[in-house]
K.L.:
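Attaching a single structure in structure tokens format; questions to follow.
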Amino acid sequence: MTEGNTNKNFLRRQSALAHVINYGQFGNVSLNGPGLFICERHPLTILQLETAKSKNPQTLAEISNLLNVEFPQTNNTCHGDDERRSLWLGPNRWLIVEPERDCLQTLIKTKFSSSDVFLTDLSHGRSTVRLKGREAREVLMKGSGVDWHLNSFGTDHCVHTKLFDLAATVDCRDIDVFDIYIARGFAEDFWDILLDSAEEFGYQVD
Amino acid sequence: MLIINCPLCGPRDHAEFTYIGDATKNRPKSDDISNDDAWYDYVYLRDNPKGLHEELWQHSFGCRCFVKVVRNTVTHQIIATGMPKEDLILDEKGFERSV
Amino acid sequence: MKKGSSEVFSFKSRRQQRLDDGGQINRLEPINFTFDGKKFTGFEGDTLASALLANGVRLVGRSFKYHRPRGIYSAGIEEPNALVALRSGDRHEPNTRATAVELFPGLEAKSQNRWPNLLLDYLQINNLLSPFLSAGFYYKTFMGLPGWHFYEYFIRKAAGMGDGTKFKDPDKYDKKHMHCDILIVGGGPTGIAAAVTAGRAGARVILLDNHPTLGGQLNGELFFLDEKPAHYWIEKCVEELDDMEHVTIATRTSAFGYYDSDVVNAIESVSDHLPEPPDYQCRQRLWQIRAKRVILATGATERPLVFSNNDRPGVMLASAARRYVNQYAVRPGNKAVIFTNNDDGYKTAFDLARVGIEVVAVVDSRKKIPEHFEKELNEKEIEVIPRSVVVDTHGYFGLNSVEIGTLSQDGKTIESNPFIVSADLLAVSGGWSPNVHLYCHSGGKPVYNDAVEAFVPGALSQNGHSAGAAKGSFSLNDCLHEGHDIASTLVKALNFESAKQIIPETNEKNIVPIEALWRVPGKGKKFVDLQDDVTESDITLAHREGYVSVEHLKRYTTLGMGTDQGKTSNLNGQAIMAQEKAEPIEKIGTTTFRPPYTPITMGTLAGRDIGLSYKHTRRSAMHNWHKQNGAIFVEAGQWLRPQYYLDELEQPSKENMDTAINREVQTVRTSVGLVDVSTLGKIDIQGKDSAEFLNRVYTNGWTKLPIGKARYGIMLREDGLVFDDGTTSRLDECHYFMTTTTSNAAAVLSHMEYYLQVQWPDLDVKVTSVTEQWAAMALAGPKSREVLSKLLPTRNVDNESFPFMGVREFDIEGVPARIFRISFSGELSYEINVPADFGEFIWQRVLEVGRTYNIRPYGTEAMGIMRIEKGHVAGPELDGRMTAADLGLQKLLSTKKDFIGSKMMDREGLKDKNRPRLVGLIPVDKTSRVKSGAILVKDPTLAPPVPKLGHVSSSAYLSPTLGHPISLGFVSGDIIETSKKVWAVSPLHNESHELEITDPIFYDQKSERLHD
Amino acid sequence: MAKYSIFNIIRNAFNGDKSWARVWRDPEPKKSYDVIIIGAGGHGLASAFYLAKNHGIKNIAVLEKGYLGGGNTGRNTTIVRSNYMLDENAHFYEKSLQLWEQLSSELNYNVMFSQRGVLNLAHNDSQIDAITRRGNTMRLNGIDAELLDAKQIRKLMPYLDFSDDVRFPIKGGLLQRRGGTARHDAVAWGLARAADSLGVDIIQNCEVIGFEESGNKITTVKTSRGNFNCGKVGFAVAGNTGHLASLINLKLPIESHVLQAFVSEPLKPMIDHVVTFGAGHFYISQSDKGGLVFGGDIDMYNSYAQKGNLPLIEEVVTAGLAMIPSLSRLRITRHWGGVMDMSMDGSPIIGKSPIDNLYLNCGWCYGGFKATPGSGWVFAHTIANDEPHNLNKGLNLERFKKGRMVDERGAGPFPNRH
Ligand SMILES: Cc1cc2nc3c(=O)[nH]c(=O)nc-3n(C[C@H](O)[C@H](O)[C@H](O)COP(=O)(O)OP(=O)(O)OC[C@H]3O[C@@H](n4cnc5c(N)ncnc54)[C@H](O)[C@@H]3O)c2cc1C
Ligand SMILES: NC(=O)c1ccc[n+]([C@@H]2O[C@H](COP(=O)([O-])OP(=O)(O)OC[C@H]3O[C@@H](n4cnc5c(N)ncnc54)[C@H](O)[C@@H]3O)[C@@H](O)[C@H]2O)c1
Ligand SMILES: Cc1cc2nc3c(=O)[nH]c(=O)nc-3n(C[C@H](O)[C@H](O)[C@H](O)COP(=O)(O)O)c2cc1C
Ligand SMILES: [Zn+2]
């Protein structure tokens, strides 16, 4: 799945999964159709935003205004939609994610002094996989000890966890839609193990 | 599995954490004129109690914060968790088992 | 007594033992299978054991030590005898309990521990030698020459049970993490009652049972609940539970361990009951269950009785005999004697009689017969012999008669002459032991309960609550109530509205207490542990010799150390020891219960992490290019890095490798090369205190580093030894970019986070790993600037504009790049960092642009040689034991500030001037290849122990630049001062070479090539 | 004491094993002992044995809180080797290995020392370099070592993974043929029997719960079975060192950690050597009973619990399958844990303490079983002479203060990384 392509570099941004993705239906696809739909989200802008300890409390609100997205103050939650989303990463730390457009970093940097907010571009450092479907939680259950039950991990929740032995951020976009962020270098391995785990449910790669 | 309640992320498997060790060690201040014994103590000596142990873990697969954990080294029961500089209140009830 | 002459050919005289009706088997689904190559038929619903019994097969294996013929002893996972090799080829599974294998079409099983076959086992000789083979005999002999290892060869061959295999497992394994409010282990009446109560209250419940269906012990009984056969109740409950979305019923799932934090682990047998796993399905799945509360409704296990020759095929647990009749519709024998010390035997007598098996007698060691059985005994014309015991048994390949005698008042002798009755089935019950295993795993200490003569759970440990037979409550009524009660208590504690359940009425009889009978007087082998062939006399010998603690007893005799872990035998053995010591059983205690509850396959624990997936592989953004362009890869941590590149027509070989490496070095030294350095750790550092922080982390000074400049630094550990090295660049006032060695990347980040969060929280500094964000490549060689300027046609990259250690941000064909003029190779060099998704594109562009200069990609080997030529330290030198001075880096130790490690680095041992220091080494003959790992000595002819002066840490077999081999190594300080030469010896290779000690920088000592 | 021999076995076979005598006494403790050794594991027992045998000290008690040999001696993976790189360790462990070679006859008790060979695998060039260095050092120290290439290893151990779909192919290995295994319980029992016969009182179910001091000396050892006066005291309590030291307010460079071990169902001979993996922490051998005995890393957190958790078990087994794929369908029968005394440099501490008449024997980390006879030998010497033996001079407590660590792995002052 390709997202936002206004950037002139778009054609050259090559996902870590470019060489491995095979589209189609695989595994034990039942009459009800595949249990899972899996795709890569690429290219995205993924920006880590941190505020200084000594920050002016206004700063965050102003950035929030500028970007038109709230920064969740509750641990393990997210805000926004596919167009622009913010995830809680840790104390005073968030991730802003959006389909690659104009340089988000520049946008913020021009308005705010670098001693108040710290931006780290991680757009290329993460591979993002979207997992969707009735068996999505079952697959997550294979990889991590977080309680994936709807009651504890619903829409707009996110966790940073060890998923199939990799550091991963999982964002619950909707009841059965999850965005998974993992380090780019492991993308191929992650992709393989994810598909392997999904085989018994049947899956479709889009 | 030890389930450690990260003060920020909630209960997680200890496999998400990296064990650091004794949380009671205070790094000698730089302006103490180099006191060899204090440094030796800081770097090498451990209380190693049989019973409650205050220890640090890093939630390296989660929020990356260092977390202070009070744990019984005999039963592995975790009594309390908090941030490194937090004074943890050890609720005696932590020892009792509610049904 | 005729000793089993006809039974020898028992296969031929086999008799069908299947009942015409009844049982929970599906007679419409016959299943073919083989045992030791012979074809048999059973039915769906059979276990391998029940199907064998149905076909009249009694002899199924040989015992561990004496190779005695053995049959089927139980009907469950506690089976000590009937271990078979299941399946064949790459699916071969040794030591599989026939009683726990569901029959599937085409099942193949073989007997074990016999040679050449089950009837003609040559090691039967051990049975005759048994007087010499008592417990621990090997500790008393085989001490002299030729040494134990010689005798061991034969002993090992005789020991062991099944065979391992050489094959890779074709099946898959899976893992699954679960959470619940209440986990119930055991789906017998207790567990079912608990599940219904908890489920109705709305709690998230998981109910586990290792059998294919729920019901537990009830499935083997003929109880009525509310005046209907018990299975009606079971089915009703299961139906209700199935409808509850928050309840998970997991059959064929066995909890094997109760670990800390109320985590219970189980294995789901997904496909073991099938010939092969279906497509896309795994064989087994590991469950990791995190429960708020746990109910242990694991039931109880029946115990054998200890008397002479109590191990013959045909001797069986009383409840098992009953289960074979009731559940599998199999006659486990045709003429039965029951031997019991509790009520259980009577149930068996009645159930056997019901299907027409002749019950010769119930031999009850108790003085009084339970009155309430009298009516039924009379009806069924079953004779009961009170205060009596089975003294001995006969029959070689299977039981054919038993000897019955009367017990003296004190229980120590047999009063009358025993009499013999013929029988082919002896059902024994020595009482029941609650399955306290999981409770004990959780940290609980069992206590002895005289009323049931067994260990029962003591004080609560963690949140695991025992109930029903697992708690020592053996009446069905109690089990049902306890299940309900504990569940309602727990749901209340978890703030659920507790729900009502009406417990069904049972038709069971009152229970008359057991009277312990730990052993029967008499000669002959009295087996306590059937699997490990531990006899009563082994236990008395252990006592005589002083191995009296239960733990010594266990280890000396191997009591309870088999695959069954003494489920049926431990208590008997411990009680016999207690009798010998004349101490109560609770005083001598029990051995430790350890996971797994039943043996678990290793494949399940590994899950998907096998073969190439054992450890994740990390790939750089240029990986695919490398792969398509002749790279031979090498492991660096988890990363795959190109070691060298073969040209198109070159085949991998040692010569071609040397050629390739040479070619790569020469290209860089004379023209220009490109190497992928993406694996270096990269850390983004921001915040107003960044400079101060770097000043504390690195040993050298950082406050004066200008923006746009990089600097090399080393970090120490707090103990004063070198931790890591790398360069850090200042990108902006408060923004730095650090690189670390590949292997220490994660450790350095953690190290810094530790100081920032725990020690110096007042510093305003943020650190983030950006290793993955940037693809990095070093463009190195005298022509590198020309390539770079072609890449950046509009920019000035001459020496002034972009000096050594300069850092610039450029735009290469629209791609933002950070370029660092730093060098590891010793040549003019630029490290180009671009966002990773552009990595392959830029890499290719650089190579295209460099084509006119014959640019080549180079790998870690060439890089390694060049860094040795330059005397740069790397992994082999940074081995965690070096001081900065050892590495010749003392000039990097600032004296003007404190830094991590500065307080400990001056300890006497670290200042010792004789410590080995980094040197260069050149073979005197200028040709010898010196191996890294060779040791430096004064004289290669000395006999050991030889004083060691140091070692060779890194070697280049040929420095293409210098035309001879060179090495880096460490030589004791005093030797460096006094001599110019040392010998490098490698006794492992039978080599020694004389070396000249030189400066570690072999090439361009003034670093002129870097600077302009 | 009846001598153990084949003749006595035959004699006993005909009388129903009736004349075998007790292996050790169960003595009533005396009021006072010249030397009290705390801990009846292999080290405590060997120390008492050599104190009596080599140094003529007879009034010795070994106090044991549980049953003798029930500590790590009774729960380890029994690997015996002397393939160390640093001199302080190498010479000490080699002495120990030499003592192993004669231990059964010295004790008249077969400890089943089986010199089946210990092989360390290497999977890449830098590991080859590292084992080359270690092997060469061993050879120069007079210790046997051989470097094998993949082909040679394949011949010896065809069950290792030599296939193409292996993550870390085997490149070579370092073999010490004189290394092997021993029957752990027999070691404790044989030493106990031999020490007992020299008059040493082994007192079981006797937990040390405190000390009385006067000046800089321990005068009384307080136990669950009463107080004993003592001349000298030796600690040989392995994982419990930290706790015992806290009873006299002594802090040590030691952390207690749990190490797990595993045994499979019994199998016919399958693995004839001791093999260790190089790309993960895993070591395996087969017991004479047929069980595959294996282990890996510690669980990483401080523990006195003698039990571990599943994540580490998964890791160990995964490494095992990476090395020997055909283990997959075999089953584990039992796993357990031991409490290990992890030191700050991964090497033992054996010598004098800051208290005048207290001697320390601790810090054995993953590897103290193989040290058993050597440890007893030098500890007895140290106690008897109030001075270390040449072989344990470098393994003293002061080395940390002085910066003379003995760090084989170069992991630094992080006990769980050694
Ligand atoms: C799982 C595992 C695997 C291992 N594998 C190996 C291996 O393969 N090779 C190897 O060389 N080493 C191995 N080791 C290490 C080795 O087992 C130990 O280092 C060695 O056995 C220690 O012996 P010890 O006599 O010092 O201690 P122990 O055998 O532990 O004896 C100490 C004794 O002191 C007693 N004690 C403790 N406190 C008190 C007190 N207060 N009062 C009285 N008595 C007390 C204990 O009960 C115990 O019996 C392993 C260890 C473990 C746990
Ligand atoms: N003296 C006697 O006659 C006597 C003695 C004991 C039990 N009983 C009878 O047995 C029944 C006991 O009921 P209950 O429900 O307490 O026990 P149960 O034995 O009926 O059920 C326990 C179930 O748990 C399963 N189980 C045990 N450990 C497990 C594990 N680790 N993982 C997965 N499954 C596991 C067992 O296989 C069994 O199916 C009652 O009917 C009682 O009367 C009678
Ligand atoms: C080398 C070795 C081999 C072992 N083999 C077996 C075995 O075959 N069967 C068994 O049940 N336990 C075996 N054990 C484990 C012991 O039963 C026991 O778990 C261990 O000694 C620790 O004691 P504990 O579990 O009582 O705490 C073995 C232990 C060791 C050290
Ligand atoms: Zn966290």
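Throughout, a chain's letter reflects where its sequence line sits, starting with A, and its residues are numbered from 1.
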K.L.:
Less than 4.5 Å to any heavy atom of chain D: does that hold for the side chain of C:Y151, its backbone, both, or neither?
P.N.:
neither
K.L.:
Let me know if C:E861 has heavy atoms under 4.5 Å from chain D in its side chain, its backbone, both or neither.
P.N.:
side chain
K.L.:
Would you mind checking which part of C:A943 comes under 4.5 Å of any heavy atom in chain D, side chain (CB onward), backbone (N, CA, C, O), both or neither?
P.N.:
neither
K.L.:
Tell me, side chain or backbone of D:E314 under 4.5 Å from chain C's heavy atoms, or both, or neither?
P.N.:
both
K.L.:
Could you check if a side-chain atom of D:K307 sits within less than 4.5 angstrom of a side-chain atom of C:D260, using non-hydrogen atoms only?
P.N.:
yes
K.L.:
Under a 3.5 Å cutoff, is there a donor and acceptor pairing between the side chains of C:N95 and C:Q112?
P.N.:
yes
K.L.:
Considering only NZ, NE, NH1 and NH2 on the basic side and carboxylate oxygens on the acidic side, decide whether D:R404 and C:D912 come within less than 4.0 Å.
P.N.:
yes
K.L.:
Using non-hydrogen atoms only, which part of D:E315 is less than 4.5 Å away from chain C: side chain, backbone, both, or neither?
P.N.:
neither
K.L.:
State, to 0.1 Å, how close D:N136 and C:G933 come at their nearest heavy-atom pair, and which atoms those are.
P.N.:
ND2-O, 2.9 Å
K.L.:
Taking side chain as everything from C-beta outward and backbone as N, CA, C, O, which of these in D:Q115 sits under 4.5 Å from a heavy atom of chain C? Side chain, backbone, both or neither.
P.N.:
backbone
K.L.:
Would you tell me whether D:R183 and C:Y139 have side-chain atoms, one donor and one acceptor, within less than 3.5 Å of each other?
P.N.:
yes
K.L.:
Heavy-atom distance under 4.5 Å to chain C: side chain of D:L174, backbone, both or neither?
P.N.:
side chain
K.L.:
Inspect the contact between D:E94 and D:R178 and indicate whether a charged nitrogen and a carboxylate oxygen are less than 4.0 angstrom apart.
P.N.:
yes
K.L.:
At a 4.5 Å cut-off on heavy atoms, which part of D:D165 comes close to chain C: side chain, backbone, both, or neither?
P.N.:
both
K.L.:
Would you mind checking which part of D:D87 comes under 4.5 Å of any heavy atom in chain C, side chain (CB onward), backbone (N, CA, C, O), both or neither?
P.N.:
side chain
K.L.:
Does a side chain donor of either D:R116 or D:S114 reach within less than 3.5 Å of an acceptor in the other side chain?
P.N.:
yes
K.L.:
Less than 4.5 Å to any heavy atom of chain C: does that hold for the side chain of D:M344, its backbone, both, or neither?
P.N.:
neither
K.L.:
With a 4.5 angstrom heavy-atom cut-off, is it the side chain or the backbone of C:Q284 that approaches chain D, or both, or neither?
P.N.:
neither
K.L.:
Relative to chain C, which segment of D:K401 carries a heavy atom at a distance below 4.5 Å: side chain, backbone, both, or neither?
P.N.:
backbone
K.L.:
Non-hydrogen atoms of chain D under 4.5 Å away: do they reach the side chain of C:F132, the backbone, both or neither?
P.N.:
both
K.L.:
Ring centroid separation for D:W24 and C:H552, is it under 6.0 angstrom?
P.N.:
yes
K.L.:
Count the heavy-atom pairs under 4.5 Å between each of C:S954, C:G160, C:P876, C:S953 and chain D, then report the option with the highest count.
P.N.:
C:G160
K.L.:
Less than 4.5 Å to any heavy atom of chain C: does that hold for the side chain of D:H91, its backbone, both, or neither?
P.N.:
side chain
K.L.:
Can a cation-pi geometry be assigned to C:K554 and C:Y547, taking NZ or CZ under 6.0 Å from the six-membered ring centre and within 45° of the ring axis?
P.N.:
no
K.L.:
Using side-chain heavy atoms (C-beta onward) and a distance below 4.5 Å, is C:M905 in contact with C:D719?
P.N.:
no
K.L.:
Sort out for me which of C:L612, C:T141, C:V946 touches chain D most, counting heavy-atom pairs under 4.5 Å.
P.N.:
C:L612
K.L.:
Please look at D:F14 and chain C and tell me whether the side chain, the backbone, both or neither of the residue comes under 4.5 angstrom of a heavy atom of that chain.
P.N.:
side chain
K.L.:
Taking NZ, NE, NH1 and NH2 as the nitrogens, is one of them in C:E545 or D:R22 under 4.0 Å from a carboxylate oxygen of the other?
P.N.:
no
K.L.:
Could you look at C:R608 and say if it's the side chain, the backbone, both or neither that has a heavy atom under 4.5 Å from chain D?
P.N.:
neither
K.L.:
Do the rings of C:W148 and C:F142 sit parallel, tilted or perpendicular, given the 30° and 60° boundaries?
P.N.:
tilted
K.L.:
Of all the heavy-atom pairs spanning D:A186 and D:N110, show the shortest one and how long it is.
P.N.:
CB-O, 3.6 Å
K.L.:
Going by an N to O cut-off under 4.0 Å, is there a salt bridge joining D:D161 and C:K168?
P.N.:
yes
K.L.:
Using non-hydrogen atoms only, which part of D:R25 is less than 4.5 Å away from chain C: side chain, backbone, both, or neither?
P.N.:
neither
K.L.:
Counting heavy-atom pairs closer than 4.5 Å to chain C, which one of D:Q204, D:K18, D:R399, D:H123 comes out on top?
P.N.:
D:K18
K.L.:
Of all of C:I600, C:T563, C:L910, C:N113, which one pairs up most often with chain D through heavy atoms under 4.5 Å apart?
P.N.:
C:I600
K.L.:
How would you list, by chain and number, every residue that makes a side-chain hydrogen bond (donor to acceptor under 3.5 Å, both in side chains) with D:W20, sequence neighbours excluded?
P.N.:
D:D17
K.L.:
Tell me, out of D:Y159, D:Y109, D:W189, who's got the most heavy-atom pairs with chain C below 4.5 Å.
P.N.:
D:W189
K.L.:
Between C:T558 and chain D, with a heavy-atom cut-off of 4.5 Å, which part of the residue counts as in contact: side chain, backbone, both or neither?
P.N.:
side chain
K.L.:
Heavy-atom distances under 4.5 Å only: say whether C:D90 touches chain D with side chain, backbone, both or neither.
P.N.:
backbone
K.L.:
Can you tell which part of C:E908 gets under 4.5 Å to a heavy atom of chain D, answering side chain, backbone, both or neither?
P.N.:
both
K.L.:
Please state whether the side chain, the backbone, both or neither of C:D609 comes within less than 4.5 Å of a heavy atom of chain D.
P.N.:
both
K.L.:
Select, from C:R91, C:K931, C:E93, C:K166, the one with the greatest count of heavy-atom pairs under 4.5 Å involving chain D.
P.N.:
C:R91
K.L.:
Give, as side chain, backbone, both or neither, the part of C:V952 having an atom under 4.5 angstrom from any heavy atom of chain D.
P.N.:
neither
K.L.:
Non-hydrogen atoms of chain C under 4.5 Å away: do they reach the side chain of D:A319, the backbone, both or neither?
P.N.:
both
K.L.:
Measure C:L988 against the heavy atoms of chain D and call it side chain, backbone, both or neither at under 4.5 Å.
P.N.:
both
K.L.:
Partners of C:H616 by ring pair (Phe, Tyr, Trp, His ring centres under 6.0 Å), sequence neighbours excluded?
P.N.:
none
K.L.:
Charged N to carboxylate O under 4.0 angstrom, D:D345 versus D:R409?
P.N.:
no
K.L.:
Do C:D171 and C:Y173 meet the criterion of a side-chain donor-acceptor pair at a distance under 3.5 Å?
P.N.:
no
K.L.:
Please determine, among D:D26, D:L327, D:N205, D:N124, the option with the most heavy-atom pairs under 4.5 Å with chain C.
P.N.:
D:L327
K.L.:
When heavy-atom pairs shorter than 4.5 Å are enumerated against chain D, which of C:K175, C:K615, C:R555 gives the highest number?
P.N.:
C:R555
K.L.:
Who among D:V263, D:L68, D:I313, D:V166 has the most heavy-atom pairs with chain C under 4.5 Å?
P.N.:
D:L68
K.L.:
If every non-hydrogen atom of D:A122 is compared with every non-hydrogen atom of D:I131, which pair is closest and at what distance?
P.N.:
CB-CD1, 3.7 Å
K.L.:
Considering only heavy atoms and a distance below 4.5 Å, find which of D:D185, D:I324, D:D125 pairs most often with chain C.
P.N.:
D:D185
K.L.:
Less than 4.5 Å apart, any side-chain heavy atom of D:I332 and any of C:L605?
P.N.:
yes
K.L.:
Go through D:R139, D:K402, D:M270 and name the one with the most non-hydrogen pairs under 4.5 angstrom from chain C.
P.N.:
D:K402
K.L.:
Is chain D contacted by the side chain of C:R717, its backbone, both, or neither, given a heavy-atom distance below 4.5 Å?
P.N.:
side chain
K.L.:
Is the C:F593 to C:Y597 ring centre distance short of 6.0 Å?
P.N.:
no
K.L.:
Looking at C:Y556, C:F137, C:F723, which one has more heavy-atom pairs under 4.5 Å with chain D than the rest?
P.N.:
C:Y556
K.L.:
Does D:R329 pair with C:D169 as a salt bridge, N-O distance under 4.0 Å?
P.N.:
yes
K.L.:
Given a strict heavy-atom distance threshold of 4.5 Å, which part of C:L129 is in contact with chain D: side chain, backbone, both, or neither?
P.N.:
neither
K.L.:
Report which part of D:F262 has an atom under 4.5 Å of a heavy atom belonging to chain C: side chain, backbone, both, or neither.
P.N.:
neither
K.L.:
Under 4.5 Å from any heavy atom of chain C, what part of D:M323 do you find: side chain, backbone, both or neither?
P.N.:
neither
